[in-house]
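A short worksheet on the structure shown next.
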Amino acid sequence: MLQVNFIKANREAVLKGLAKKHFAETSLVDTIISLDDERKKLQFELDERQSKINTFSKEIGQLMATGEKRLAEEKKLEVASLKSFLQPVSEKLSEIEKDLHDTLVKLPNLPHSSVPIGKTPEENEIVKEGGQKPSLSYKAVPHWDLAKKYDLINFELGNKVTGAGFPFYKNKGAKLQRALIQYFLDYNTAAGYTEYEPPFMVNEASAFGTGQLPDKEDQMYLATADNLFLIPTAEVPLTNIYRDEIIKENELPVKMTGYTPCFRREAGSYGKDVRGLNRVHQFDKVELVQLVHPEKSYEVLEEMVVHVEKLLQSLHLPYRILRLCGGDMSFASALTYDFEVYSAAQEKWLEVSSVSNFETFQTNRMKIRFKGAGKTQLVHSLNGSSLALPRIVAALLENNQTADGIKLPEVLWKYFGEQSIK
RNA sequence: GGAGAGUUGUCCGAGUGGUUGAAGGAGCACGCCUGGAAAGUGUGUAUACGGGAAACUGUAUCGAGGGUUCGAAUCCCUCACUCUCCGCCA
């Protein structure tokens, strides 16, 4: 969430930013400002009275000690009257604090100046295209048919055992998952990221910290008996490792990577977009998270983009990098690059990674700070996928299909044990 | 699931009603000492929100929330979490 003081000092810029994000409820900004003014006023009153009470209490203590009971009793009465004034003020204050917080949480992050203007995915800016689209001599077969042909994935079995969108990976299909995860993690740790295997469920505070709550609880599975959410991405547990922590400046940047399954209810999805591996409720992903000095975050964002790009290049997949426009960006992000790979049979681009700088939007919620020479301040958080598996698998299958099997890129050979799927 | 113990600052740990934001130790920072380092030694070392140009200063915070009291880390209640033993179990 945005910082109140920032909003107050930059009202116009905030309004402009919200407009760029196509956020309609701009009146919230002034609501926040007046709530905070009110908050300050009440807090000040309260502090003053409390200060008097504290002084009196100490005096009463001394009077009691010297046996001056009558004077002590008089002071007690004074304190009582101060307190009766205090109570309604303090109730009002907590009400306002709650309002302020609830309102603050509704504002999305502001877009970075380089974010393209636009509302729909069509208006995203294509920053770069790389790799070669395959030229197949025959009509490319979609991955769901290839998966059946080579007995790699069983969607129907998933329907039976769990429900739609929970595929079984099988035989070489299962092994390919394992190989990709292993490869991605090795690639990330070689770049200095610390590997974690986090819990796959998180509590409410964690879900709030990264911005899943309060609005997006529809997208998460909830284990009600224990009030735990199944993670929609490793970003949630990884970033929350540092919730309520003050990091030493020389320990920045914090670089983390982790593999987890990701669980998404995807409420409201339908149609051909959800065919095969395009959109599933449970999928594997290796994630990157960085906590960095505020001055470095955009530099780091570019580094992460290059990092993910090289990973895609090593898989020899045709890809493109998009800079998301204001209207298509996520609630919490200040700047997002999406990576898409081309799938030859479906003849469309599939999103496989999203790399974002959240600046202080998440860290303000989580109170992740660092202490340097000067004062304690919030760090910037960034994250990105490297990579989400299902669509990578879809593209690998579709793009690399040949008459006698599916060829795998060389980087996977040692992990997969073979050069192709037959 | 049953029984018990616990949750204090960066960490360890003392503290059962009155200058306790909190003893002591460790760690860390800076200084002294040293040719340099270690050891030794001195000083400093929480966070949030306010007021103030600043020095500085007010309030809150000892798991969370509530209560008793003029006054609570200390007493009472509720909740959460952790640990130990037993049971169950990969």
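As a basis for the values below, the full set of heavy atoms in this structure was taken, side chains included, without hydrogen atoms, waters or symmetry mates. The chains referred to below are lettered A, B, ... by the order of the sequence lines, with proteins before strands, and numbering in each begins at 1.
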Rounding to an integer number of Å, can you tell me how far [X] [atom1] sits from [N] [atom2]?
{"X": "A:I53", "N": "B:G71", "atom1": "CD1", "atom2": "P", "answer": "8 Å"}
{"X": "A:D244", "N": "B:U7", "atom1": "CG", "atom2": "P", "answer": "20 Å"}
{"X": "A:L77", "N": "B:C70", "atom1": "CG", "atom2": "P", "answer": "10 Å"}
{"X": "A:K41", "N": "B:C49", "atom1": "NZ", "atom2": "C1'", "answer": "17 Å"}
{"X": "A:L71", "N": "B:C70", "atom1": "CG", "atom2": "P", "answer": "17 Å"}
{"X": "A:Q377", "N": "B:U47", "atom1": "CD", "atom2": "C1'", "answer": "15 Å"}
{"X": "A:K58", "N": "B:U19", "atom1": "NZ", "atom2": "C1'", "answer": "5 Å"}
{"X": "A:L63", "N": "B:U69", "atom1": "CG", "atom2": "P", "answer": "20 Å"}

[atom1] atom, [N] versus [M]: distance in rounded Å?
{"N": "B:U7", "M": "B:A46", "atom1": "P", "value": "23 Å"}
{"N": "B:G67", "M": "B:C86", "atom1": "P", "value": "42 Å"}
{"N": "B:U74", "M": "B:G9", "atom1": "P", "value": "14 Å"}
{"N": "B:C12", "M": "B:G50", "atom1": "C1'", "value": "34 Å"}
{"N": "B:A90", "M": "B:C11", "atom1": "C1'", "value": "34 Å"}
{"N": "B:A53", "M": "B:A14", "atom1": "C1'", "value": "42 Å"}
{"N": "B:A26", "M": "B:U16", "atom1": "C1'", "value": "27 Å"}
{"N": "B:G13", "M": "B:G27", "atom1": "C1'", "value": "14 Å"}

Nearest-neighbour nucleotide for the [X] side chain, [options] considered:
{"X": "A:T376", "options": "B:G18, B:G58, B:A48", "answer": "B:A48"}
{"X": "A:R39", "options": "B:C49, B:C70, B:G58", "answer": "B:C49"}
{"X": "A:K371", "options": "B:G18, B:U59, B:A46", "answer": "B:A46"}
{"X": "A:Q50", "options": "B:C70, B:G50, B:A60", "answer": "B:A60"}

**Request:** May I ask you to establish whether A:R365 and A:F208 are in a cation-pi arrangement, using a distance under 6.0 Å from NZ or CZ to the six-membered ring centre and at most 45° from the ring axis?
**Result:**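 Yes, a cation-pi geometry.
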
**Message:** Heavy atoms only, 4.0 Å cut-off, all strands: where does A:I246 land among base, sugar-phosphate and nothing?
**Reply:**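 Touches sugar-phosphate only.
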
**Message:** Classify A:F44 by what it touches in the nucleic acid, base, sugar-phosphate, or nothing, heavy-atom distance under 4.0 Å.
**Reply:**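 Contact class for A:F44: sugar-phosphate only.
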
Taking OP1 and OP2 of [N], is either one under 4.0 Å from a side-chain nitrogen or oxygen of [X]?
{"X": "A:R49", "N": "B:G58", "answer": "no"}
{"X": "A:K83", "N": "B:U69", "answer": "no"}
{"X": "A:N54", "N": "B:G71", "answer": "no"}

**Prompt:** So, does A:R369 use its side chain to make a donor-acceptor pair with the main chain of A:Q377 at under 3.5 Å?
**Reply:**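 Judged by distance alone, no pair lies under 3.5 Å.
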
**Donor-acceptor contact below 3.5 Å, side chain A:K21 vs main chain A:D328** =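 Flag not set: sc A:K21 to bb A:D328 has no pair under 3.5 Å.
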
**Request:** With RNA chain B as reference, determine whether A:K75 or A:K367 sits nearer its 5' end, using the nearest nucleotide of each.
**Result:**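 Going by which nucleotide is closer to the 5' end, it is A:K367.
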
**Message:** Less than 4.0 angstrom from a charged side-chain N to a carboxylate O is my criterion; do A:E74 and A:R70 meet it?
**Reply:**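 Judged by the 4.0 Å cut-off on N to carboxylate O distance, A:E74 and A:R70 do form a salt bridge.
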
**Message:** Looking at A:K172 and A:E418, is there a salt bridge between them, counting it only when a charged N and a carboxylate O are closer than 4.0 Å?
**Reply:**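 Result for this pair is yes, salt bridge flagged.
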
**Message:** Which nucleotide, if any, forms a Watson-Crick or G-U wobble pair with B:G52, using both distances under 3.5 Å?
**Reply:**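 When the pairing criteria are applied, nothing turns out to pair with B:G52, so the answer is none.
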
**Close aromatic pair by centroid cut-off 6.0 Å: A:H307 and A:Y193** =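 Yes; A:Y193 has its ring centre under 6.0 Å from that of A:H307.
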
**Message:** For a quick check under 3.5 Å, do A:Q50 and A:N54 share a side-chain donor-acceptor pair by atom type?
**Reply:**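 Side chains of A:Q50 and A:N54: pair found under 3.5 Å.
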
